[in-house]
Amino acid sequence: MSEILLKTYSIALPVLLSYIVWLLKQRKKNEDANSRGTMLLLRVQLIEYHDRYTTMGHIPSYAYENFEEMYKAYHDLGGNGMITHMYEEVKELEIRKERNV
């Protein structure tokens with residue numbers, strides 16, 4: 001009886017471990033795709049903010065706060081490069097309080 005259990009474990013355990021490894025790889029692949037997608041969406045929004053407000057020559061305080069938060073998230077996801085340069089340019093803009101309409 002114990003021989004049968006030992007043989008069953010020796011077959012089932014590697015199969016189970018292989019399945020667990022496969023699941024972990026799939027999860028990692030999905031997380032990587034989600035991170036890349038999020039980073040690209042942030043990049044598009046950061047470029048849009050940069051272009052809009054550098055053209056205007058100033059930025060509302062609420063937009064500046066949004067830009068900073070988006071940049072931090074973008075940077076934490078591994079983004080860098082030209083967006084960092086754009087971030088530095090936006091930091092140089094005059095920050096205006098939003099007007100009550």
Hydrophobic cluster partners of I11 (side-chain heavy atoms under 4.5 Å):
none

Quick one, E88 and K91 - any side-chain contact, counting heavy atoms below 4.5 Å?
yes

Which residues satisfy the side chain to side chain donor-acceptor pair (under 3.5 Å) test with E94, sequence neighbours excluded?
R96

Could you list who else is in L40's hydrophobic cluster, with ILVMFWY side chains joined at under 4.5 Å, directly or through other members?
none

Please report the interatomic distance CD1(I83) to CD(Q45), rounded to the nearest 0.5 Å.
11.0 Å

What about M56 and I95, same hydrophobic cluster or not, with Ile/Leu/Val/Met/Phe/Trp/Tyr joined at side-chain heavy-atom distances under 4.5 Å?
yes

Residues that K72 engages under side-chain contact (heavy atoms from CB on, under 4.5 Å), provided they are two or more places apart
E69

Name all residues meeting the side chain to side chain donor-acceptor pair (under 3.5 Å) criterion together with Y71; count only those two or more places apart in sequence or in a different chain, and write none if there are none.
T84

Could you list the residues that satisfy side chain to side chain donor-acceptor pair (under 3.5 Å) with E65, not counting sequence neighbours?
none

Heavy-atom closest contact (P60 atom, Y53 atom, distance)
CD-CE2, 3.4 Å

Y62-Y49 co-clustered via ILVMFWY side chain contacts under 4.5 Å:
yes

State which residues pass side-chain contact (heavy atoms from CB on, under 4.5 Å) with T38; sequence neighbours excluded, sorted by chain then number.
L42, L77

Applying ring-ring contact (aromatic ring centres under 6.0 Å, His included), can you list everything that pairs with Y64, at least two apart in sequence or on another chain?
none

Taking only distance into account, with no hydrogens and no angle test, what donor-acceptor pairs under 3.5 Å do side-chain atoms of residues 14-27 form with protein atoms, sequence neighbours excluded?
| residue | atom | partner | partner atom | Å |
| --- | --- | --- | --- | --- |
| S18 | OG | P14 | O | 2.9 |
| R27 | NE | E31 | OE2 | 3.2 |

Only pairs at least two apart or in different chains count here, so list each salt bridge (charged side-chain N to carboxylate O under 4.0 Å, His left out) that has a residue in residues 32-47.
K28-D32

OH of Y87 to NE2 of H50: how many Å apart, nearest 0.5 Å?
13.0 Å

Would you say I4 has more than 12 foreign heavy atoms packed within less than 6.0 Å of its CD1?
no

Nearest-0.5 Å distance, CE of residue M39 to CG of residue N80
10.0 Å

Note: S61 and K97 closest approach over all heavy atoms is OG-CA, 4.0 Å

Among all residues two or more places apart in sequence or in another chain, which pass the ring-ring contact (aromatic ring centres under 6.0 Å, His included) test with F67?
none

Separation of T54 OG1 from M86 CE (nearest 0.5 Å):
8.0 Å

Does anything in residues 46-63 form a salt bridge (charged side-chain N to carboxylate O under 4.0 Å, His left out)? List the pairs, not counting sequence neighbours.
E48-R52

